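Each ligand, and each atom within it, is numbered from 1 in the order the structure gives. No experiment lies behind these values; they were computed from the predicted model shown.
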Amino acid sequence: MRLVTLLAPLAFAASVLADGQAIAGALAKTDTATAKLGAAVSKWRGDLLGALPIVAESTGLLTTVKKGTKTAENSEPLDFDGTLAVAHATQKLTGTVNSTLTALINAKPKFDKLRMSPLIFITLELQKKATNDMSDAIIAKVPEQLQALARDIVAPIAASFEVALDVYHLF
Ligand SMILES: *[C@@H]1O[C@H](CO)[C@@H](O)[C@H](O)[C@H]1NC(C)=O
């Protein structure tokens, strides 16, 4: 009984660490899915059939982000180390989101030709909302005194979506 009481805080610390790693893992998966979408967009020649992998990667990314939101929602509050792991994973994702959305912006003339730009716009809106939901779910688990910093770290992702949406809303 006494031993259990003594060990309880240790078990709690271990689970908090595991959750920081679970969220960082979800962010790493999001990073991979984002990079795959960027690669599909970059190598696309502009043909209709070739657009299918882009749609597939884009759907895959949306699913990954929604899973990440669930992971964050089911997580215990993060400790300092967990927060650090999550911040690190977020910074990596920020760069990948920038390159993938830059690739998407560069491909707009091709999407215009196929009259697919409105679809891309709607997809970007969905993706932006899903990403905001994931950010909110993660920030809710960050210690309160680090939440402002966490918002600063994640802000460039929302800014990237605004840049891309601005370009695509001129269809
Ligand atoms: C990517 O980052 C550069 C440099 O910060 C910025 O000028 C550009 O607008 C960003 N593009 C997107 C799509 O986020």
**Report entry** Closest protein heavy atom (residue, atom, distance) for atom 14 (O) of ligand 1
**Finding:** S160 OG, 2.5 Å
**Report entry** Heavy atoms of other groups near K36 NZ, more than 12 under 6.0 Å
**Finding:** no
Report summary line: For T102, the atoms of ligand 1 under 4.0 Å from one of its heavy atoms are 11 (N), 13 (C)
Query raised in the report: To the nearest 0.1 Å, how far is atom 9 (O) of ligand 1 from its closest protein heavy atom, and which atom is that?
Result: V163 CG2, 4.1 Å
Report summary line: Within 4.0 Å of some non-hydrogen atom of N98, the atoms of ligand 1 are 1 (C), 2 (O), 3 (C), 8 (C), 10 (C), 11 (N), 12 (C), 14 (O)
Report all side-chain donor-acceptor pairs from residues 146-164 shorter than 3.5 Å, counting only partners two or more places apart or in another chain.
unit_1, atom_1, unit_2, atom_2, d
Q147, NE2, I139, O, 3.0
Q147, NE2, V142, O, 3.0
S160, OG, P156, O, 3.4
E162, OE2, K128, NZ, 2.9

Requested in this report: Among residues two or more places apart or on two chains, list those pairs meeting ring-ring contact (aromatic ring centres under 6.0 Å, His included) that have a residue in residues 25-70.
Outcome: W44-F111
Query raised in the report: Has Q145 got more than 12 heavy atoms of other residues, nucleotides or ligands less than 6.0 Å from its CD?
Result: yes
Query raised in the report: Does atom 11 (N) of ligand 1 have a protein heavy-atom neighbour under 4.0 Å away?
Result: yes
Query raised in the report: Under 6.0 Å from the NZ atom of K110, do we count more than 12 heavy atoms belonging to anything else shown?
Result: yes
Query - Exercise check, heavy-atom protein proximity under 4.0 Å to atom 7 (O) of ligand 1 - result: no
Query raised in the report: Mind checking whether L124 and L114 sit in one hydrophobic cluster, side chains of I, L, V, M, F, W, Y counted as touching below 4.5 Å?
Result: yes
Query raised in the report: Within 4.0 Å of atom 3 (C) of ligand 1 (strictly less), any protein heavy atom?
Result: yes
